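Here is the structure we will look at.
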Amino acid sequence: TRSDLSLRMAAVGGRGALMTPGQTGGMDLALRADAFLVQTESEAVSGEGATKADASRMRLILEGSRAFKTGNGATLTPGLELGLRHDGGDAETGTGVELGGRISYANPETGLSLEANVRALVAHEDSGYEEWGASGALSLVPGDRGRGLSFRLAPTYGTPGSGVERLWSARDAGGLAQGGNTFEPESRLEGEIGYGLPAFGDRYTGTPNFGFGLADGGARDYRIGWRLAPARGGSFELGLDATRSEPAGAGGSGTVPEHAIVLRAGVRW
């Protein structure tokens, strides 16, 4: 039996600074709010009526961090988050409290940075609902011109992001589901390596790169591509990627890998 499925989603968020490092000598305090709404609908089929499902979430988060300079010019920044959220719709519903922590290290001279985050839903009206996660990232960024070796390695476990972040990473409608009240943490490892080279008379930097993603269950993603950006810094970036996505159990359950050619252009202002 086949039926058309429609998916609509929207997200909005904002952040307002309450205290800035310049005012406090390193302390940063801010209030952040975000909300999302997801709606799915399937047409009626033989013997079954049309179905419709909604899910929404609103959050208000107080976040604070403090930067410390180290002897070699690097910066160490620990931070905490405390948030109040409300879930609605046809999935888990009720009000809950989130608690999160993070620590980051960045050395502008070497371009090396390290970050770790943990987050947990510490209380919720739906007592059977559980959600937590952890993530990290190790990266090397070349100088201002973007020339030389770059890499990024980012493992995740559980659900380190909440709601809005998950909207943009889900590959299909199934990726938005939480599997009921039973929380089963999953792990994923993403990585990328590239090398920036001069291009078009040294005015631009071209970066051939290779990326991958490995997840529980055997799902794998591969990407090989090329990025172009102004060497002196700018708001424009162009990218061309060839991708291969292998679902969990590909080849053994009738599923086949998916291939794509992706052309991306971005302008920031």
Side-chain angles (χ1 to χ4, degrees), residues 1-11 36-43 45 48 50-55 57 90-91 131 133-139 150-180 182-196 206-229 236-267:
T1 301
R2 305 177 67 90
S3 174
D4 289 337
L5 174 70
S6 63
L7 171 71
R8 293 176 291 274
M9 61 183 182
F36 76 83
L37 172 66
V38 181
Q39 184 180 81
T40 60
E41 187 173 358
S42 65
E43 294 185 348
V45 294
E48 298 288 343
T51 59
K52 181 178 179 181
D54 301 317
R57 177 168 300 163
D90 300 308
E131 189 178 288
S135 65
L138 173 66
S139 61
S150 64
F151 69 81
R152 176 178 172 82
L153 195 64
T156 61
Y157 187 68
T159 308
S162 176
V164 176
E165 296 91 335
R166 195 160 55 242
L167 289 179
W168 316 123
S169 61
R171 296 181 52 199
D172 50 37
L176 299 173
Q178 291 295 297
T182 303
F183 178 68
E184 298 180 359
E186 298 180 350
S187 61
R188 181 173 175 82
L189 177 65
E190 296 182 351
E192 179 185 291
I193 186 170
Y195 198 92
T207 306
N209 58 87
F210 170 77
F212 67 90
L214 308 174
D216 284 348
R220 297 183 293 270
D221 298 308
Y222 302 103
R223 173 180 53 79
I224 185 169
W226 183 72
R227 286 193 304 269
L228 182 69
F236 173 75
E237 183 176 283
L238 183 68
L240 179 65
D241 297 320
T243 67
R244 174 185 172 91
S245 298
E246 301 178 1
S253 57
T255 58
V256 296
E258 298 178 357
H259 300 85
I261 300 294
V262 182
L263 176 64
R264 297 176 292 105
V267 179

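Computed from a predicted structure; not experimentally measured.
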Quick check: closest heavy atoms across Gly158 and Pro185, and the distance to 0.1 Å? CA-CB, 3.9 Å
With heavy-atom distances below 4.5 Å as the criterion, would you say the side chains of Thr51 and Thr40 are in contact? no
From Ile193 CD1 over to Thr207 OG1, what is the distance, rounded to the nearest 0.5 angstrom? 12.0 Å
Whether Asp221 side chain and Ser245 backbone form a donor-acceptor pair below 3.5 Å: no
How long is the gap from CG on Asn209 to CG on Asp241, to the nearest 0.5 Å? 6.0 Å
In this structure, CD of Glu190 is separated from CZ of Arg152 (nearest 0.5 Å) by 8.0 Å
Just by modelled atom types, is the Asp54 backbone N or O under 3.5 Å from a matching donor or acceptor in the Asp90 side chain? yes
CZ/Arg264 to CG/Leu240 distance, rounded to the nearest 0.5 angstrom? 9.0 Å
Could you measure the distance from the CD atom of Gln39 to the CZ atom of Arg8? Nearest 0.5 Å is fine. 4.0 Å
So which heavy atom on Pro257 is nearest to which on Pro247, and how close? CA-CD, 4.2 Å
Which atom names give the shortest non-hydrogen contact between Phe36 and Ala11, and what distance separates them? CB-CB, 4.0 Å
Flag the pair Arg188 and Glu186 as a salt bridge only when some basic side-chain nitrogen lies within less than 4.0 angstrom of an acidic carboxylate oxygen. no
Measuring from Glu41:CD to Lys52:NZ, what's the distance to the nearest 0.5 Å? 5.5 Å
With a 4.5 Å cut-off on side-chain heavy atoms, are Thr243 and Glu258 touching? no
